[in-house]
Number of protein chains: 2
Amino acid sequence: MKPFHSYQNPSLAIDLVVFGYQQRTLSVLLLNRNEMPFKDTWTLPGAFLQMDERFKDTCSRVLKTKLGMDNVYLEQLYSFDEPERDPRGRVIAIAHYALINPKNFAITAGSMANDVQWFDIHQMPELGFDHQEIFTQALQRLRSKILYFPVGFELLDDLFTMPELHELYECILDTTIDRRNFRRKILDAQYIINTGKKREGLQNRHPDLYKFNKKLPKNAFQLNIN
Amino acid sequence: MKPFHSYQNPSLAIDLVVFGYQQRTLSVLLLNRNEMPFKDTWTLPGAFLQMDERFKDTCSRVLKTKLGMDNVYLEQLYSFDEPERDPRGRVIAIAHYALINPKNFAITAGSMANDVQWFDIHQMPELGFDHQEIFTQALQRLRSKILYFPVGFELLDDLFTMPELHELYECILDTTIDRRNFRRKILDAQYIINTGKKREGLQNRHPDLYKFNKKLPKNAFQLNIN
DNA sequence: TAACTTTGTGTCAAATCAACGCAAAGAAGC
DNA sequence: GCTTCTTTGCGTTGATTTGACACAAAGTTA
C-alpha cells in the first residue's frame with residue numbers, strides 16, 4: 001500500500017443539484033460564476049470539503065450561506081472522477097441533490113442576487129464543468145426514486161391536496177397519469193394520510209388536505225404509475 | 001469559495017466489495033491486514049487513489065496486483081465520509097463492488113495467499129474500519145439491482161442453464177423462487193437467449209444452454225420475482 | 001423395463017391494472 | 001332561485017399479470 005500521508009491528494013468538491021417545485025414547474029438552482037474558470041457561465045452550486053466536515057455539513061453550509069436555506073432534504077448521488085473535469089487540477093466531485101420545500105423556494109426566489117437563479121428544468125442554459133452530466137443523473141435518480149419511495153413530499157407544503165400531489169408526479173415524471181388510478185395507488189401504498197381538513201378557497205369542490213405518512217410500513221413498494 | 005490549493009485535503013481510498021459465486025454460494029473476498037491499524041483483522045481490499053487514476057483504474061490495479069483478476073464487472077456504490085472511520089486520519093472511501101466470473105474465481109481461489117480468502121456471505125468474520133457497513137450496502141445494492149437489471153450474468157460463465165440461473169437468483173436474494181414462474185419472467189424480460197445447445201454430462205435431462213442478451217430492449221423492467 | 005430425478009411447457013383461479021363512468025361539491029352565469 | 005360547468009371523490013369492468021400447480025419429456029439408476 002502507498003504511504004498514507006501524501007501532499008498529492010485530489011481536492012474534494014461537493015456539488016449540489018437543488019430541486020424546487022412551484023407553479024407546476026420543476027426547477028433547479030444555478031449559480032453564475034464570477035471567477036475563472038467558467039466565468040459568466042451557469043454552474044451547480046458547490047464548495048470544497050473542509051477537513052472537519054462530513055458531506056452533508058458542506059451541503060448545509062452551501063445552502064445556508066450562499067442560498068439562505070435551512071432544513072433541506074439531502075441525498076448523496078454519485079462521485080465524479082474524470083481527471084479533466086476541472087481545468088484547475090484534479091478535483092473529485094461528490095454530487096448530492098437537494099429537495100426544497102415551497103417556503104424555502106419562495107424566500108430564495110425573492111431575495112436572491114441575480115447571479116443565483118431558478119431554472120425550469122426544460123429551459124436550462126449550458127452548464128460549466130461536467131455539471132450537465134451531474135444534473136442529468138440527479139434528475140434520473142429523482143424520477144426513479146419517486147416510484148418506490150415517498151420522496152416528492154419534500155417539494156410540497158406539509159399539507160397538500162390530491163390534485164397537487166398528482167400534478168407534482170406528472171411534472172417530475174414528465175408524463176400524464178390517470179388521476180383516479182394515481183389516487184388509488186398512492187393511497188394503497190399508505191404514503192399519505194387524509195387529515196380530514198379541506199382546502200377552502202377559489203376552487204370548485206374543496207379538495208381534502210393530506211399529509212405525508214411519517215411511519216410508513218416496512219413493506220413499502222413499487223408505485224407502478226400507469 | 002475557499003482557496004483552491006490546500007495541503008489539507010482528505011485522503012481518498014477506494015474500497016472494494018468483490019462478489020463471487022460458486023457451488024450455490026455467494027462469497028466475498030476479504031483481506032487479512034498485516035499492518036496497523038486493524039492488524040490481523042479481516043477487511044475489504046482497497047487502495048489509495050493516485051493522482052492520475054480514475055476510480056476504476058484504482059479498482060483494476062487492486063484486482064490485478066493483489067488478486068490477479070482481469071476484466072471484472074465494476075460499479076460505484078457509495079462514498080463514506082465518517083471523519084473517524086480511519087484512525088490514521090481523515091480518509092474518504094469511495095466504495096465499489098465487483099462481480100467475478102467463475103473463471104477468475106477458480107484461479108484466485110487456488111492461488112491465493114492465506115491472507116486473502118473467500119467467505120460465504122453468511123459466515124463472515126468481523127470486519128475492520130466501517131467495512132461491515134460498506135459490505136451491507138453493497139449486498140443490498142446487488143439484491144435490488146438484480147431485480148431490474150440483468151447483472152447476475154457477470155457471476156456465471158458465458159453459457160449457463162436455466163436451473164443454474166435460477167439457483168443464482170435464489171442465492172443472491174436468499175429466498176426460494178418458483179422455478180417455473182422464474183423461467184417465464186426471465187424469458188419475458190428478454191434478459192437471455194436460448195443458444196439451442198444443451199449441457200451434456202452427469203445430470204438427468206440435459207438442460208438448454210442460454211447466453212446473456214447483450215442488446216436487450218430499452219423497455220427493460222422490474223422482474224418482480226414471486 | 002420400472003422407478004426416480006430433472007427439466008421444459010401449460011393451465012387456471014386470484015390479484016392487479018388501465019380505462020372510464022358517474023355523482024357530489026362548489027363556482028359562475030342568468 | 002335555477003341551470004350549467006368545473007373540480008374532486010369513488011366505483012366498475014374487462015384485460016392482463018401473477019402465483020400455485022399439474023404434467024409430460026428426457027435421462028439416469030437399479
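Keep in mind that what you see is a predicted model, and the values were worked out from it rather than measured. Computed from heavy atoms alone, side chains included, the values below leave out hydrogens, waters and symmetry copies. Numbers restart at 1 for each chain; the letters A, B, ... are given by sequence-line order, proteins then strands.
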Student: Going by an N to O cut-off under 4.0 Å, is there a salt bridge joining A/Glu75 and A/Lys145?
Tutor: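 Yes, this pair counts.
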
Student: Strictly under 3.5 Å: I want the nitrogen or oxygen pairs between protein and nucleotides 10-13 of chain C, one per line.
Tutor:
none

Student: Just say parallel, tilted or perpendicular for the rings of A/Phe55 and A/His96, cut-offs at 30° and 60°.
Tutor: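 Rings of A/Phe55 and A/His96: perpendicular, over 60°.
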
Student: For the pair B/Phe153 and B/Tyr191, name the ring-plane relationship: parallel under 30°, tilted 30 to 60°, perpendicular over 60°.
Tutor: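 Answer is perpendicular, since the angle exceeds 60°.
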
Student: With a 4.0 Å cut-off on N to O distance, would you call A/Lys103 and A/Asp157 a salt bridge?
Tutor: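 No, this pair does not count.
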
Student: I need the full list of salt bridge (Lys or Arg N to Asp or Glu O under 4.0 Å) pairs touching residues 122-138 of chain A, with sequence neighbours left out, sorted by first then second residue.
Tutor: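 Checked against salt bridge (Lys or Arg N to Asp or Glu O under 4.0 Å) - neighbours excluded - the pairs reaching residues 122-138 of chain A are A/Arg85-A/Asp130.
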
Student: To the nearest Å, how far apart are A/His166 NE2 and D/dG9 C1'?
Tutor: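 One finds 14 Å between C1' of D/dG9 and NE2 of A/His166, rounded.
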
Student: Which pairs, protein N/O on one side and nucleotides 28-30 of chain D N/O on the other, fall under 3.5 Å?
Tutor:
from	atom 1	to	atom 2	distance (Å)
D/dT28	O4'	B/Asn204	OD1	2.9

Student: Hey, which sits more toward the 5' end of DNA chain D by its nearest nucleotide, B/Arg179 or A/Tyr210?
Tutor: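 Nearest-nucleotide comparison on DNA chain D picks A/Tyr210.
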
Student: Tell me whether the count of non-hydrogen atoms from other residues, nucleotides or ligands lying under 6.0 Å of CG in B/Asp158 goes above 12.
Tutor: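 No, CG of B/Asp158 has 12 or fewer neighbouring heavy atoms, counting only those of other groups under 6.0 Å.
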
Student: Between A/Arg183 and D/dG9, does any side-chain N or O lie under 4.0 Å from OP1 or OP2?
Tutor: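 Looking at the OP1 and OP2 atoms of D/dG9, one of them is under 4.0 Å from a side-chain N or O of A/Arg183.
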
Student: Between B/Thr136 and B/Ile134 (side chain of the first, backbone of the second, donor and acceptor by atom type, cut-off under 3.5 Å), is there such a pair?
Tutor: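 Such a contact is absent between B/Thr136 side chain and B/Ile134 backbone.
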
Student: Between B/Phe38 and B/Phe129, does the ring centre distance come in under 6.0 Å?
Tutor: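 Centroid separation for B/Phe38 and B/Phe129: below 6.0 Å.
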
Student: Strictly below 4.0 Å: does B/Lys185 bring a side-chain N or O up to OP1 or OP2 of D/dG19?
Tutor: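 For B/Lys185, the contact criterion (side-chain N or O under 4.0 Å from OP1 or OP2 of D/dG19) is met.
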
Student: Within this structure, what is the CG-to-C1' distance between B/Leu209 and C/dT7, rounded to whole angstrom?
Tutor: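 That distance rounds to 13 Å.
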
